[in-house]
Each structure stands twice: as C-alpha cells, then as structure tokens.
Amino acid sequence: MSKFLHPKYQSLSCYVPGEQPRDKAYIKLNTNESPYPPSPEVIAAVDANAVADLRLYSDPEGKCLRQKLADRYRVAPENIYLANGSDDILSFAFMAYASDGEPVAFADITYGFYSVFAALYGSDAKILPLREDFSIDYRDYLGIDRTIFLANPNAPTGLALSVENIEKILESNPGRVVIIDEAYVDFGAESCLPLVHRYDNLLIVRTFSKSRSMAGARLGFAIASRGIIEDLNRIKFSTNPYNVNRLTLLAGAAAIDSDHYFIENCERIMKTRTKTEAALSALGFEVIPSKANFIFAKHNAMSGEAIYQALKERGILVRHFSSPRITEYNRITVGSEEEMASLLATLADILASS
Ligand SMILES: *Cc1c(COP(=O)(O)O)cnc(C)c1O
C-alpha cells in the first residue's frame with residue numbers, strides 16, 4: 001500500500017477469488033466454471049473480422065444483445081442492462097442504493113462480495129444469519145426497510161428460496177430495492193423474472209459466467225424496471241460507457257442464438273449433480289441438496305481443510321472457506337462426468353487412507 005491511498009480504503013479487505021494456480025494441470029472444481037466450452041456458434045462469432053474491428057469502440061448501448069435478451073426473457077430492451085461481468089452490477093447496485101451509511105441487509109453465509117462492497121461503499125450493513133440448516137428464513141427480511149441482497153440459489157450452499165417467498169419480501173419493502181442475484185438460477189431453481197413487471201423495486205442480476213460457459217468473456221446482465229435500469233446506466237455513463245467489449249457483445253449474441261446448446265449443458269450438469277450427490281452420500285458425506293452447479297458437503301471423519309488439502313495434493317481443486325460456520329464444508333463445482341469420476345475415486349482413496 002502506498003502512503004497516497006485515501007484513508008477510507010486503507011482498511012479494506014478485498015474479495016479473494018478462487019485460486020487459479022499454474023504450477024500443474026488441476027481438475028478445477030473451485031470456481032463454478034462450466035466444464036463445457038461455449039457453443040460452436042459462439043466460437044465462430046469471434047472470427048478474424050471481429051478481431052480486426054477491435055480498432056472501433058464497442059456499442060455503448062449494446063443494442064443488438066439487449067434486444068436478443070429482451071426477446072428471450074419477454075421484457076423490453078429498456079428493462080435490460082449489460083455489464084462487464086455481474087460483479088459490476090452488484091457493485092453499481094451497492095453504489096446506487098446502499099452507499100454512504102444507507103441501510104442494507106444480506107445473509108451471514110452468502111456470496112463473499114456483498115460484504116466487500118458494503119465496506120467499499122460505506123453501507124450500514126445488517127447481517128442476517130441463516131438458519132442452522134443453512135436455509136434462509138424469508139421472514140427475517142419482511143418489512144426491514146433496507147436494500148436487500150439475496151443470492152438465489154444461495155452460494156456456497158446451493159439452497160434456493162421460492163419465488164412466492166421472495167415476492168413477500170418485495171411486497172413488504174416497497175421503498176427499497178431488492179437485488180436477487182440469479183448467478184446459478186439456470187441449474188434448476190425458480191427465477192423471479194415473472195415478478196419484474198409487477199415490482200418496480202426488483203433488480204435481477206444474471207451472468208453468462210456459469211451456465212453459459214463464458215466466465216472469461218466477462219458478461220453479466222440485469223433485468224429490472226425501467227427506472228432501475230436508468231439508475232445503472234447513469235453510473236455506467238459516468239464511469240465507463242464502453243463497459244462491454246466488442247468480442248464479448250458478439251459472443252453473447254451468438255450464445256443467445258444457440259440457446260438450445262446451453263439448455264442441454266445445464267441439463268447434463270444437473271444430471272451429473274444428482275449422480276455425484278448420491279455417490280458422495282455413499283462415501284459418508286453430508287450433502288446439502290443443491291440447485292446450483294456446485295455441491296456443498298462435509299464429512300464427519302475428516303475436516304473440511306484436510307479434505308481440501310488432500311484433494312489439492314492429488315491435483316483436484318475445490319473451494320474451502322475458513323469462516324467458522326462452514327469450515328467443515330467444501331464447495332465442489334459439478335464438472336464433467338469424467339471429472340466427477342476422478343473426484344469420487346480420489347475421495348474414496350483419501351478416506352480409506354485417513
Ligand atoms: C460467480 C458469481 C457472480 C459473479 O459472476 P460474474 O458475472 O463472473 O462477475 C455473482 N454472484 C454470484 C452469487 C456468483 O457466484
């Protein structure tokens with residue numbers, strides 16, 4: 001840190017992304033990427049002509065992709081906002097609705113970025129503990145008159161709230177924005193999309209990173225009332241109008257055009273998830289039933305940390321969090337069938353020799 005940094009940033013604790021080691025080839029099950037490549041249409045869209053066009057700025061309004069997303073999700077283009085990854089949208093939402101002492105609420109165990117943004121923007125954050133079984137009690141959020149951030153399904157637990165209960169939260173906090181982070185919704189949970197036309201305080205955040213196999217392209221989008229989308233644009237056009245690059249806009253449009261490919265992949269991943277959950281249980285793991293592309297599990301014969309280390313030594317990366325309530329767990333991304341077979345064989349081996 002230099003002596004020039006503003007004091008308000010000197011005590012920030014940054015978000016720690018999942019490790020991306022380069023020392024050897026790992027089976028990577030630690031950052032919830034897709035095991036499958038983007039669709040052939042996406043790969044074809046980013047061609048030499050597209051690269052040659054990089055001398056030109058990207059469309060600051062992302063018209064083509066916004067129109068495709070609007071058609072796909074049955075809203076107007078004015079209800080869609082595009083971003084350089086969905087983390088950018090979460091950041092803007094904190095800036096717009098929860099900065100400088102404004103009240104915000106989120107769970108104690110949830111996406112780690114919420115507490116980082118709350119500190120960055122000086123929010124007055126109320127942390128609401130999950131129940132003992134890691135489920136969210138929606139009643140904790142009724143009428144609390146705070147901006148609310150909910151990951152649905154939640155990370156790293158994989159548990160989801162019903163749309164019916166989210167609607168009660170929206171209804172009881174009409175003066176605040178409720179942000180529903182649907183990063184994993186394509187893997188079997190209910191989306192809040194049908195509520196967008198009825199609640200002007202609902203902001204849905206989506207990403208191409210997980211279910212659409214495009215984590216490296218950095219593409220997120222928001223669906224919300226026109227007013228909220230205008231708020232996000234206000235901040236974007238005051239910071240970085242060309243926030244989504246040309247190649248990513250093309251790739252995103254091609255991904256929507258080849259939607260069947262993405263739906264098949266999600267179905268494949270859900271099938272692999274069900275199989276892996278059963279196999280982990282058979283190995284003695286306690287598995288939380290997941291609606292996401294990861295599985296949160298612990299074993300009573302071995303600590304979460306020890307399992308994480310033993311897997312890493314054998315070339316398999318999973319995500320271990322050291323926060324007290326979840327330190328016995330590991331979050332395991334659902335990879336390909338082959339990757340899961342290696343994981344299960346390796347775990348059987350580790351447990352047998354422990
Ligand atoms: C991965 C993830 C994101 C961030 O996704 P990007 O679009 O890659 O920035 C947001 N929210 C949750 C809950 C996530 O797990």
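Keep in mind that this is a model prediction, so the values were computed, not measured. Excluded from the calculations below are hydrogen atoms, water molecules and symmetry mates; all remaining heavy atoms, backbone and side chain alike, are included. As the structure lists them, so they are numbered: ligands from 1, and atoms in each ligand from 1. For this chain, numbers begin at 1 and follow the sequence in order.
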Residue, atom name and distance, where the atom is the protein heavy atom closest to atom 15 (O) of ligand 1: Y184 OH, 2.6 Å
Centroid-to-centroid, F208 to F221, below 6.0 Å? yes
Can you label the angle between the Y15 ring and the F113 ring as parallel, tilted or perpendicular, going by 30° and 60°? parallel
I'd like to know if the side chain of D88 and the backbone of A83 have a donor-acceptor N/O pair within less than 3.5 Å. no
Quick check: Y111 and ligand 1, any N/O pair under 3.5 Å apart? no
Interfacing atoms of ligand 1 (cut-off 4.0 Å, heavy-atom, R218): 6 (P), 8 (O), 9 (O)
Ligand-residue contact atoms, ligand 1 with G85, heavy atoms, under 4.0 Å: 7 (O), 9 (O)
Would you check the N or O atoms of Y114, main chain and side chain alike, for any that come under 3.5 Å of an N or O of ligand 1? no
Fit a plane to each ring of F134 and F296, take the angle between them on a 0 to 90° scale, and name the class: parallel (under 30°), tilted (30 to 60°) or perpendicular (over 60°). tilted
Residue-ligand contact F208/ligand 1, heavy atom below 4.0 Å: no
In the protein, which heavy atom is nearest to atom 13 (C) of ligand 1, and how far is it? D181 OD2, 3.4 Å
Enumerated ligand 1 atoms positioned under 4.0 Å from heavy atoms of D87: 3 (C), 4 (C), 9 (O), 10 (C)
Could you label the plane-to-plane angle of the Y242 and Y57 rings as parallel, tilted or perpendicular, counting under 30° as parallel and over 60° as perpendicular? parallel
Establish, from distance only, whether the side-chain atoms of D231 and Y97 form a donor-acceptor pair under 3.5 Å. yes
Report the nearest protein non-hydrogen atom to atom 2 (C) of ligand 1: residue, atom name, distance rounded to 0.1 Å. K210 NZ, 2.4 Å
Atoms of ligand 1 under 4.0 Å from any heavy atom of S209, numbered from 1 in the order shown, are 6 (P), 7 (O), 8 (O)
Y261 ring center near Y36 ring center (under 6.0 Å): no
I need the nearest protein heavy-atom contact for atom 5 (O) of ligand 1: residue, atom name and distance, please. S86 OG, 3.1 Å
Here's a test for you: under ring pair (Phe, Tyr, Trp, His ring centres under 6.0 Å), which of Y114, Y141, F106, Y111 qualifies with F149? Y114
